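Comments concern the structure below.
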Amino acid sequence: MSFKKDFLWGVATAAYQIEGAAFEDGKGLSIWDVYSHIPGKIKEEHNGDVACDHYHRYKEDVALMKELGTKVYRFSVSWARILPNGIGEVNQKGIDFYNNLIDELIAAGITPCLVLFHWDYPYELYKKGGWLNADSSDWFKYYTEVCAKAFGDRVKMWITFNEPQCFLGEGHLNGGTAPGIKMTVGDVVRMGHNVMLSHGKAVMAIRELVENSIVGYAPSCDVCAPDTDDPRDVEAARRRYFSFDEEWWMWNVSLWSDPVMLGRYPEEDPIFQRKLKPHLPEGYEEDMKIICQPLDFYGQNIYTASHWRADENGEAKWTRLPTGTAKSTNNWPLTPEALYWGPKFLYERYKTPIIITENGMACHDWISVDGKVHDPNRIDYITRYLRALKKCAEDGADIAGYWYWALLDNFEWGDGFTQHFGLVYMNYQTLERVKKDSFDFYREVMATNGENI
Ligand code: GCO
């Protein structure tokens, strides 16, 4: 069986990570424009002011995608480029940029998938309290409507949010990424609720304004995989995947997906009951009617798995990965089983077609003396992860697509430009793009619908 006939192969990027033109053509500031200029926050004091200069070079990038033969291109819109104050007046030049990009994609035969929010929150709204403000979901609804009206005649595929656990957990709880603040658990729980309300309102707006829309969501989480095939270990890993951890409660599947997909918080979880529930706004259950909108696909960004076994009581017990497990340059373990157990467990729980909205590897890439970029590790990574995903589909999960992160090397948040995830190498001095060996390999994967792996 392997991959479906209409499998959605794709590549992904995000606005702040590639666009540059941070202060051009009427764009407002985002929290990343501000944060990345605070000394000491980003490795080697990098920032996204220019990044890949995609804003000026999008035609070259679309031409690369056409050569790659990708079906789908996942990109995000910079909210502050379109609405410099986050709400109110629209910046026509921002709209023009995305219109041009979308037209170029469609002319190249590529389906655009528009992500409304990939972390670059408008600074003006942040100053008004951001996601904590009771109006925040209406601000997001307004922004969605502006996008839906401007692009909805040509863009049918939409994603509301990318990884809420990261921009709230890292950005607002641990303070490790923009805006770089540490708020209380209660504040972050209320923000999370507002983010999910924003999701629901955005889906409703897209359904109303975009004919034949295809709408999804893209959270992320380290997959809990069983360390052996023993059914007790499988059950322990499954339970662990959907339950809360005292310390890492933000990096959780069910907190972010049960309300959106099932219309309820994971009320039975003791950590949820004790730590989070008391902070939810009164009458939060009523909001579920808005939060839980039928989705066409359930996206997950999946990169890694941790391993679990059942102890004598059947409780999940963490198991160390084998000594010598290969790692990417950002220290993520090579754990292809993530693309077997992750989508399998997610499909069982949410029963909605799954798209792997991000997966990829950061490697030691550079231009070799022969002028080429050789990246055998990435080719091996993609092969192994796709084999696992193929097996997952063969075993019954409805897997609708796979999107490689990323098309281009880009600004990797706190790591600046030190991590290379792309199929295309970026020379940040000249802004020249150089196709890596994995570019040709992935083209072949997509052209054969994965038969070559
Ligand atoms: C994230 C984002 C991407 C990253 C990618 C590699 O997960 O952090 O969605 O913007 O660049 O995942 O870390």
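Just so you know, ligand 1 is whichever comes first in the structure, and atom 1 is the first atom listed for that ligand. Quantities reported herein were computed from a predicted structural model and do not represent experimental measurements.
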Within 45° of the axis and under 6.0 Å from the centre of the six-membered ring of Tyr425, does NZ or CZ of Arg433 qualify?
-> no

Hey, does the Lys NZ or Arg CZ of Lys4 hover above the aromatic six-ring of Phe7, less than 6.0 Å from the centre and inside 45° of the axis?
->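 Not satisfied by the 6.0 Å and 45° rule.
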
Is the shortest side-chain N to carboxylate O distance from Lys27 to Asp33 below 4.0 Å?
-> yes

Which heavy atom of the protein is the closest neighbour of [atom], given with residue, atom name and distance?
{"atom": "atom 9 (O) of ligand 1", "value": "Glu358 OE2, 2.6 Å"}
{"atom": "atom 11 (O) of ligand 1", "value": "Glu412 OE1, 2.6 Å"}
{"atom": "atom 10 (O) of ligand 1", "value": "Gln17 OE1, 2.6 Å"}

Any idea which of Tyr16, Trp119, Phe167, Tyr303 brings a heavy atom closest to atom 5 (C) of ligand 1?
-> Tyr303

Using a 4.0 Å cut-off to any heavy atom of [X], which atoms of ligand 1 qualify?
{"X": "Asn301", "result": "9 (O)"}
{"X": "Trp405", "result": "3 (C), 4 (C), 5 (C), 6 (C), 10 (O), 11 (O)"}
{"X": "Asn162", "result": "2 (C), 9 (O)"}
{"X": "Phe421", "result": "6 (C), 13 (O)"}
{"X": "Glu163", "result": "1 (C), 2 (C), 7 (O), 8 (O), 9 (O)"}

Quick check: does Asn410 get an N/O under 3.5 Å from an N/O on ligand 1?
-> no

Does Thr383 reach the main-chain N or O of Tyr381 with its side chain, forming a donor-acceptor pair under 3.5 Å?
-> no

Return yes if a side-chain donor-acceptor contact under 3.5 Å exists between [X] and [Y], otherwise no.
{"X": "Asp415", "Y": "Thr418", "result": "no"}
{"X": "Asn301", "Y": "Thr357", "result": "yes"}
{"X": "Glu45", "Y": "His37", "result": "no"}
{"X": "Tyr340", "Y": "Asp395", "result": "yes"}

Is the closest heavy-atom distance from His118 to ligand 1 below 4.0 Å?
->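 His118 counts as a contact of ligand 1 under the 4.0 Å cut-off.
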
Does Phe411 have a non-hydrogen atom less than 4.0 Å from ligand 1?
-> no

